Amino acid sequence: MTAFDLVFTLFGLVLGLAVTEVLSGFARVLKMRRKAHIGWLTPLLGIFVLLDLTTFWLTAWHFRGLVPANRLMLLVVLVFVGGYYLVATLIFPDDPEEWPDFDLYYDQHNRAVLGFILATQLALIGLAIGVVFAGIKLAAGPADQGGILVTLAGLLPLPLMVALFLFKSRRVNVILLATLICLWVLGAVASVL
């Protein structure tokens, strides 16, 4: 077992729980869609967080050569993935019947979710820039240098994420979330072409 395997076990377990939490939220919404106004905001936020979790998982894989197996690294991983789990629990209400309008729920919880994701993105971009300036080669070689490019590509949607965090207008939030999701999907398709 490598150092990365040890750390990635904790990473994968908690991040997997975060993904499960978001998917469970979607399941609750589907079951009660006729009892409440779901709107666009909460489902779009759920999709956005799922895509961000996927990107975070892939970024961790690319940086695997830099991961030591020690208590500090486990603590850092726990802070990041534990934070993702916590914000994943905020996307959908626990008891949807208490929230007949999910847009009101979104208004109360979106800043915590988006603020954490924005902070995480900035931390990962800082790490990628540090790796570039330090001249560190990642994992197995040139193919894994793509991880730096993937992370630095996070700079492109960063202004949209800042705007999403700052603007309270529901219409603007729907447009920004939909745009960020489309950019992610286009980036995913472009990465395999």
Side-chain angles (χ1 to χ4, degrees), residues 7-8 10-26 28-29 39-63 66-67 72-94 96 99 102-130 147 150-170 172-185 187-188:
V7 174
F8 207 68
L10 174 65
F11 181 90
L13 175 67
V14 180
L15 212 58
L17 289 172
V19 169
T20 302
E21 183 66 35
V22 177
L23 293 175
S24 295
F26 276 114
R28 287 191 305 273
V29 166
W40 287 97
L41 290 166
T42 300
L44 285 173
L45 183 61
I47 293 168
F48 175 68
V49 170
L50 281 175
L51 297 177
D52 192 63
L53 284 164
T54 305
T55 301
F56 188 66
W57 206 311
L58 183 61
T59 301
W61 174 255
H62 285 295
F63 284 95
L66 302 178
V67 177
L72 178 59
M73 181 53 68
L74 289 174
L75 179 63
V76 168
V77 165
L78 188 58
V79 166
F80 276 102
V81 297
Y84 264 114
Y85 178 78
L86 292 175
V87 299
T89 66
L90 294 176
I91 297 169
F92 295 97
D94 289 332
W99 293 91
F102 276 33
D103 289 346
L104 292 173
Y105 182 85
Y106 174 88
D107 291 342
Q108 288 190 0
H109 295 89
N110 72 331
R111 290 177 153 312
V113 174
L114 296 170
F116 177 81
I117 289 174
L118 192 56
T120 302
Q121 289 295 320
L122 291 172
L124 290 174
I125 289 167
L127 175 64
I129 290 170
V150 167
T151 304
L152 290 178
L155 289 171
L156 299 174
L158 200 57
L160 294 176
M161 291 194 319
V162 169
L164 183 60
F165 180 77
L166 295 176
F167 288 108
K168 293 184 179 183
S169 165
R170 290 178 181 170
V172 171
N173 276 222
V174 166
I175 292 167
L176 290 170
L177 282 166
T179 302
L180 285 164
I181 290 166
C182 288
L183 286 174
W184 191 96
V185 170

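We count residues from 1, following the sequence as given. Just so it is clear, the structure is predicted and the values come from calculations on it, not from any experiment.
- Looking at Asp103, its side chain never comes within 3.5 Å of a backbone N or O of Gly39 through a donor-acceptor pair.
- Using modelled atom types, one side-chain atom of Trp184 and one backbone atom of Leu51 make a donor-acceptor pair closer than 3.5 Å.
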If you apply the rule ring-ring contact (aromatic ring centres under 6.0 Å, His included), what do you find for Phe116 with Phe80, and how did you get there? CA-CA 9 Å; Phe116 177 81; Phe80 276 102; 7.1 Å; no
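- Within the 3.5 Å criterion, the main-chain N or O of Ser169 finds a donor-acceptor partner in the side chain of Asn173.
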Does Thr42 form a side-chain contact (heavy atoms from CB on, under 4.5 Å) with Val29? I'd like the steps, not just the answer. CA-CA 10 Å; Thr42 300; Val29 166; 5.5 Å; no
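- A pairwise comparison of heavy atoms in Val113 and Val87 identifies CG2-O, 3.6 Å as the closest pair.
- Side-chain N or O atoms of Tyr105 include one that pairs as donor or acceptor with a backbone N or O of Leu90 at under 3.5 Å.
- Arg111 forms a cation-pi arrangement with Phe165, by the criterion of a distance under 6.0 Å to the ring centre and an angle within 45° of the ring axis.
- Val77 pairs with exactly one of Leu75, Val79, Val81 by the side-chain contact (heavy atoms from CB on, under 4.5 Å) rule, that one being Val81.
- Residues Thr120 and Phe56 share a closest heavy-atom pair of CG2-CE1, 3.9 Å.
- Here the closest heavy-atom approach between residue Ala60 and residue Phe11 is recorded as CB-CZ, 3.4 Å.
- For the pair Leu183 and Pro157, the tightest heavy-atom approach, listed with the atom from each and the gap, is CD1-CB, 4.5 Å.
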Criterion side-chain contact (heavy atoms from CB on, under 4.5 Å) on Ile91 and Asn110, from CA distance to verdict: CA-CA 7 Å; Ile91 297 169; Asn110 72 331; over 6 Å; no
